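Naming convention: chains lettered A, B, ... in sequence-line order (proteins, then strands); numbering from 1 in each chain. A quick note: this is a predicted structure, and the numbers were derived from the prediction, not measured.
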Amino acid sequence: MNLLETIKASITNAIKELYGESVSAEKVQINPTPVEFTGDYTVVIFPFVKMAKKSPDAVGAELGAYLVDRVDAVAGFNVIKGFLNLEISNAWWHVFLGEVVSTPDFGKKPRNNRTVLLEYSSPNTNKPLHLGHVRNCLLGWSCSQILDAAGYDVKKVQIINDRGVAICKSMLAWQKYGLGRTPASEGVKSDHFVGDYYVLFEQKAKEEYEVWQQTSVARAIFEEKHKPEQGEKEFFKEYKNQWFNTASVLGAEVREMLLNWESGDEATLSLWKQMNSWVYAGFDDTYERMGVSFDKLYYESDTYLLGKDLVEEGLAKGVFYKKEDGSVWIDLSDVGYDQKVLLRSDGTSVYITQDIGTARKRYQDFGAESVIYTVADEQNYHFAVLFEVLKRLGEPYANGLYHLSYGLVELPTGRMKTREGTVVDADDLMDEVIRVARDESEKRGELSGISEDGRETILKRVGLGALKFFMLRVNPRKKMIFNPEESVDLHGQTGPFIQYSFVRTNGLLQRVRTESIDMSSFSGYMDIQPCEKELLKAIHEYPDVVQQAAAEYDPSHLANYCFNLAKSYNRFWHEVKILGAESIAARAFRLQLSQATGSVLKSGMQLLGIEMPERM
RNA sequence: GGCUCCGUAGCUUAAUGGAUAGAGCAUCUGACUACGGAUCAGAAGGUUAGAGGUUCGAGUCCUCUCGGAGUCACCA
C-alpha cells in the first residue's frame, strides 16, 4: 500500500477509536507540506473538529500521536493552526528509494482487462495535416499512453474523411489542370501535392466568382437580396456558398463528380483512389515523424451510409419520430437541447447518422465499453447530442462515451484560413523546430563527437520534444494562441529543459558504469537534505499524477509534473555534490536518487509521447 | 437571443474548497578552481474581470453583471 493511503487508513481508524465516528479514507486530505513549515506531509484537521468536539490543535495533537504510535513511517509531527504536519522517517525513504529503482514500471498500474477505444486525428484527405491536427494527434496519442499506463487496453483508431465535396475539388483541379503530373514527377511530398490542387481549385473558383459578379444576373441578385446597410463586397462574400451551389460552373462539375463517385463510376473511382493513395503516403510519413500510430483505420467511404438501421430501431422504440415530409427527428428539449434531424426527408443520412452507425460498428469490432473522441470543441454540441441519442437507443457502451474536447489552435493573427494561406503546415512546423534545435546544438558544440545518424536522432528528439511539450503543457480545454517563437523555445518551462535534466542523470550513471562506482550502500545516509527530500516527495507523487491524468484525460498534469521534477533535480544538482559527496553513503544515496529521477522523467515524458536523448 | 466553455503578473500559464495564489518568458542583480550554465540563486511584477452569497476557510461552489470564444443547418 502506498504511504498516503496507509496514513489515511490509520486516521480513519483513529477517528473511530478516539471519537466514535466513521470517516471514509477518501475524505482525509493529505498534501505535501509547504516548504516554510517542518514536515513532509500535512493532514487537514478541520473536517474532524466537529466530530471530536475539541479544538483543531487538540485534535491534531491526538491524531499525530496516534500516527507516530501506529505507523512506522511516521517519525514525528507538529500542529500549526489546524494543520497536522507529519515527518516521515529516513528509514522509510530509504526503502522507498530502493523500491523505485528496482521497479521498472513504477507509476504504472497492472492490466485491468478493460478495453478503451480512442479516436483521434481523423483528417480530410484533400490537404495535408496542419497545426490543428498536430494538437489533436499529440493529445490523442498522449492520452492513449496515459490510459495504457493506467492499466487499460487502448485501441487507437481514426476515421478518415475520404469522400465528399472537398476531395472532389482536389480531384477535379488535378484532372483539369494537372496534365498528368505526379508527386514523383514534381518532387513534392504527395499529400502536399494533392493539397496544392485543392488550393488551385479554390483559386480558380474565386476567379470565376469575380467574373460572375460583373454579370447582369449577379447585379440583379445583389439588387434584389442585399440587406439595406450591406455593401456589394460584403454581400458577395456572404453569397459565395449559394453561388457555388447554383450558378458556378466549377461547382456544377464538382457536384457531377460527387454523383459519379456515389454511383460507382469507374473512372471517377480510380481517380479518387489515386488521389487518396497519394495523401495516405504523405500522412503515413507525417504520423511516423510525429511518433503516433493507429490500430485500425476507418474510412468514411465505408461508413457514411451506416446508421439508417439504428434510426429504424429508434423509430420502433419510439425514441425518434417521423415528420409528415418523411424526415426523422429526436426531441431533446427535456435535457435542454433542440430537436435534431437524424434522417433527411429524402431518406439520406446526415452527419450524425453515420456517427450513430459508426459507434455501433466499432462496438461490434472491439467490444470496448468506453470510447473517447478526440475532436475540437467546435463540436461540443454535436457530441452532447450524439451521446444522448446513443443513450436513449439503449446502446450498451453509451455510458462510457467521452468527448476529449480541446480548444482550437489559433495564430496571433486569428484563426487559420486555407484561403488566406495562413495555415501552419505540420511538416513545416516539425522542420522548423528541428532546425532551431540544430542551431542551438551547434552553438553549444556538445554533439561534435557523435555520428551523423546519432546526431539527427537527438536533434529530432529535442526539437519535437519542444513542440510536443509546448502543446501538451496547457489544459486541453484552453484555446491556444500559437506563437511560433515560443513553441520552439528551448529554455525555461520546455521539453528540452526536462530532457536536459535527464541527460544529467544519464551522464552520472554512465560514469558509475565506466568507473564501477558503488551506489548500493546508501542506507547509512541519515542526513537527508531539504532538496533531497523535495525530490523524494516528487517521485513519490508520480503514480498519483498518472492516475489523475488518466481520470481527467489531461496530459498537462504530467507535463507540469515532469517540469517540476526536473526543476527539483536541477536545484539538487547545484546544492549538493554527487560524485564528490562527503561520504560513500551520501554518494550512493544521491546516485540512487538521480537514477530514480531519471527513470521517472523518462517514463513521464514517454506518456507525453516525448523521447529522451542520451546526450544533447 | 438560448446553451456551453473561458477570463489569474506586461505575455504564456499552475493550483482534489485549505496555510503567505505557484511557475516560465520578458526586465534587473548575482553564481563556473565544471558531477554538462539548454542550469542555479535573488529582485521586481497579483484587489485571481466586477459585485453579492455559502463556508471555520473561496481563484475554485451558488447568483447577477461585464468581456471573449464556440454553437444553435434536411453542411461535415
(request) Determine the contact category for H557(A): base if any of its heavy atoms lies under 4.0 Å from a base atom, sugar-phosphate if only primed atoms, P, OP1 or OP2 are that close, otherwise nothing. (result) sugar-phosphate
(request) Measure from CD on Q548(A) to P on rA14(B) and round the result to the nearest Å. (result) 13 Å
(message) By a 5.5 angstrom centroid cut-off and a 30 degree plane limit, is there stacking between Y381(A) and rG70(B)?
(response) no
(request) Tell me what V165(A) touches on the nucleic acid: a base, only sugar-phosphate, or nothing, going by heavy atoms under 4.0 Å. (result) nothing
(request) Could you check whether V44(A) gets within reach of a base, just the sugar-phosphate, or nothing at all, counting any heavy atom under 4.0 Å? (result) base
(message) If only side-chain N and O atoms count, and only distance matters, is there a donor-acceptor pair under 3.5 Å linking T33(A) with T42(A)?
(response) yes
(message) For the residue pair K322(A) and W329(A), would you count it as a cation-pi contact if the rule is NZ or CZ under 6.0 angstrom from the ring centre and within 45 degrees of the ring axis?
(response) no
(request) Pick base, sugar-phosphate or nothing for N85(A), based on heavy-atom distances below 4.0 Å to the nucleic acid. (result) base
(request) Report which part of the nucleic acid E378(A) touches: base, sugar-phosphate, or nothing (heavy-atom distance under 4.0 Å, all strands). (result) sugar-phosphate
(message) Please report whether the ring centroid of Y373(A) lies less than 6.0 Å from that of F383(A).
(response) yes
(request) Please report, rounded to the nearest Å, how far the C1' atom of rC74(B) is from the CD1 atom of I352(A). (result) 13 Å
(request) Would you mind classifying the nucleic acid contact of N161(A) as base, sugar-phosphate or nothing, using non-hydrogen atoms under 4.0 angstrom? (result) sugar-phosphate
(request) Indicate yes or no: does E440(A) engage K443(A) in a salt bridge with an N to O separation below 4.0 Å. (result) yes
(request) Quick one: label G507(A) by what it contacts on the DNA or RNA (base, sugar-phosphate, nothing), any heavy atom closer than 4.0 Å. (result) nothing
(request) Measure from CD1 on I481(A) to C1' on rU12(B) and round the result to the nearest Å. (result) 11 Å
(request) Look at R415(A) and rA69(B) and indicate whether a side-chain polar atom (N or O) is within less than 4.0 Å of OP1 or OP2. (result) no
(message) Is K567(A) close enough to rG24(B) that one of its side-chain N or O atoms is under 4.0 Å from OP1 or OP2 there?
(response) yes
(request) Answer yes when E378(A) and R415(A) have at least one side-chain N-carboxylate O distance shorter than 4.0 Å, and no when they do not. (result) yes
(request) Can you tell me the distance, in whole Å, between the OH atom of Y561(A) and the C1' atom of rA15(B)? (result) 17 Å
(message) How many whole angstroms separate atom CH2 of W573(A) from atom C1' of rG37(B)?
(response) 11 Å
(request) Would you tell me if any nitrogen or oxygen in the side chain of R587(A) comes within less than 4.0 Å of OP1 or OP2 on rC35(B)? (result) no
(request) Fit a plane to each ring of F470(A) and F482(A), take the angle between them on a 0 to 90° scale, and name the class: parallel (under 30°), tilted (30 to 60°) or perpendicular (over 60°). (result) perpendicular
(message) Please classify the nucleic acid contact of Q29(A) as base, sugar-phosphate, or nothing, using heavy-atom distances under 4.0 Å.
(response) base
(message) For the C1' atoms, the ones on rG18(B) and on rG59(B), what distance do you get once it is rounded to whole angstrom?
(response) 13 Å
(request) Kindly assign one of parallel, tilted or perpendicular to the pair F201(A) and F244(A), based on the angle between their ring planes and the thresholds 30° and 60°. (result) perpendicular
(request) Please determine if a side-chain N or O atom of R590(A) lies less than 4.0 Å away from the OP1 or OP2 oxygen of rC35(B). (result) no
(message) Under 4.0 Å, counting only non-hydrogen atoms across every strand here, what does N483(A) touch: a base, just sugar-phosphate, or nothing?
(response) nothing
(message) In whole Å, measure the gap between the P atoms of rG42(B) and rU65(B) for me.
(response) 46 Å
(request) Measure the distance from CD on E446(A) to C1' on rG36(B) and round it to the nearest whole Å. (result) 5 Å
(message) Roughly how many Å apart are rU4(B) and rC64(B), using the P atom of each and rounding to a whole number?
(response) 11 Å
(request) Could you check how far CG of N241(A) sits from P of rC75(B), rounded to whole Å? (result) 12 Å
(message) Would you compute the distance between atom OG of S599(A) and atom CG of N506(A) and round it to the nearest 0.5 angstrom?
(response) 11.5 Å
(message) Need one value for V576(A): base, sugar-phosphate or nothing, where a base atom within 4.0 Å counts as base even if backbone is also close, heavy atoms only.
(response) base
(request) Looking at every strand, decide which applies to Y351(A) at a 4.0 Å heavy-atom threshold: base, sugar-phosphate, or nothing. (result) base
(request) In whole angstrom, give me the gap between the C1' atoms of rU27(B) and rG36(B). (result) 28 Å
(message) One thing to verify: whether R438(A) and E456(A) come together as a salt bridge, which I'm taking to mean a side-chain N less than 4.0 angstrom from a carboxylate O.
(response) yes
(request) Measure centre to centre between the rings of F497(A) and Y500(A), then say whether the value is under 6.0 Å. (result) no
(message) What contact category does V49(A) fall into here, base, sugar-phosphate, or nothing, at under 4.0 angstrom with non-hydrogen atoms?
(response) nothing
(message) Output the rounded distance in Å from CE (M51(A)) to P (rC56(B)).
(response) 14 Å
(message) I'd like the C1' distance from rG10(B) over to rG70(B), given in whole Å.
(response) 28 Å
(request) Quote, to the nearest angstrom, the P distance that separates rC25(B) from rG67(B). (result) 35 Å
(request) Determine the interatomic distance between P on rC74(B) and the same-named atom on rU16(B); round to the nearest Å. (result) 41 Å
(request) Determine if F563(A) stacks with rG24(B); use a centre-to-centre distance below 5.5 Å and an interplanar angle below 30° as the criteria. (result) no
(request) With RNA chain B as reference, determine whether D489(A) or R477(A) sits nearer its 5' end, using the nearest nucleotide of each. (result) R477(A)
(request) Please tell me which of F470(A) and N570(A) maps to the more 5' nucleotide of RNA chain B, matching each residue to the nucleotide holding its nearest heavy atom. (result) F470(A)
(message) It should be established whether H491(A) places a side-chain nitrogen or oxygen under 4.0 Å from OP1 or OP2 of nucleotide rU39(B).
(response) yes
(message) Whether K478(A) contacts rA14(B) is assessed here as follows: a side-chain N or O lying under 4.0 Å from the phosphate OP1 or OP2. Is that the case?
(response) yes
(request) May I ask you to say what T42(A) touches in the nucleic acid, namely base, sugar-phosphate or nothing, with a heavy-atom cut-off under 4.0 Å? (result) base
(message) With hydrogens left out and only the distance checked, is there a donor-acceptor pair under 3.5 Å joining N560(A)'s side chain and the base of rA15(B)?
(response) no
(message) Nearest 0.5 Å, please: how far is OH in Y41(A) from CD in E87(A)?
(response) 13.5 Å
(message) As a check on the pairing definition, encode RNA chain B in dot-bracket form, counting Watson-Crick and G-U wobble pairs whose two distances are under 3.5 Å, and using | for partners outside this strand.
(response) (((((((..((((....[...)))).(((((.......))))).....(((((..]....))))))))))))....
(request) Using only heavy-atom distances, decide whether a donor-acceptor pair under 3.5 angstrom links the side-chain of S556(A) to the base of rA14(B). (result) no
(request) Quote, to the nearest angstrom, the P distance that separates rG52(B) from rA58(B). (result) 14 Å
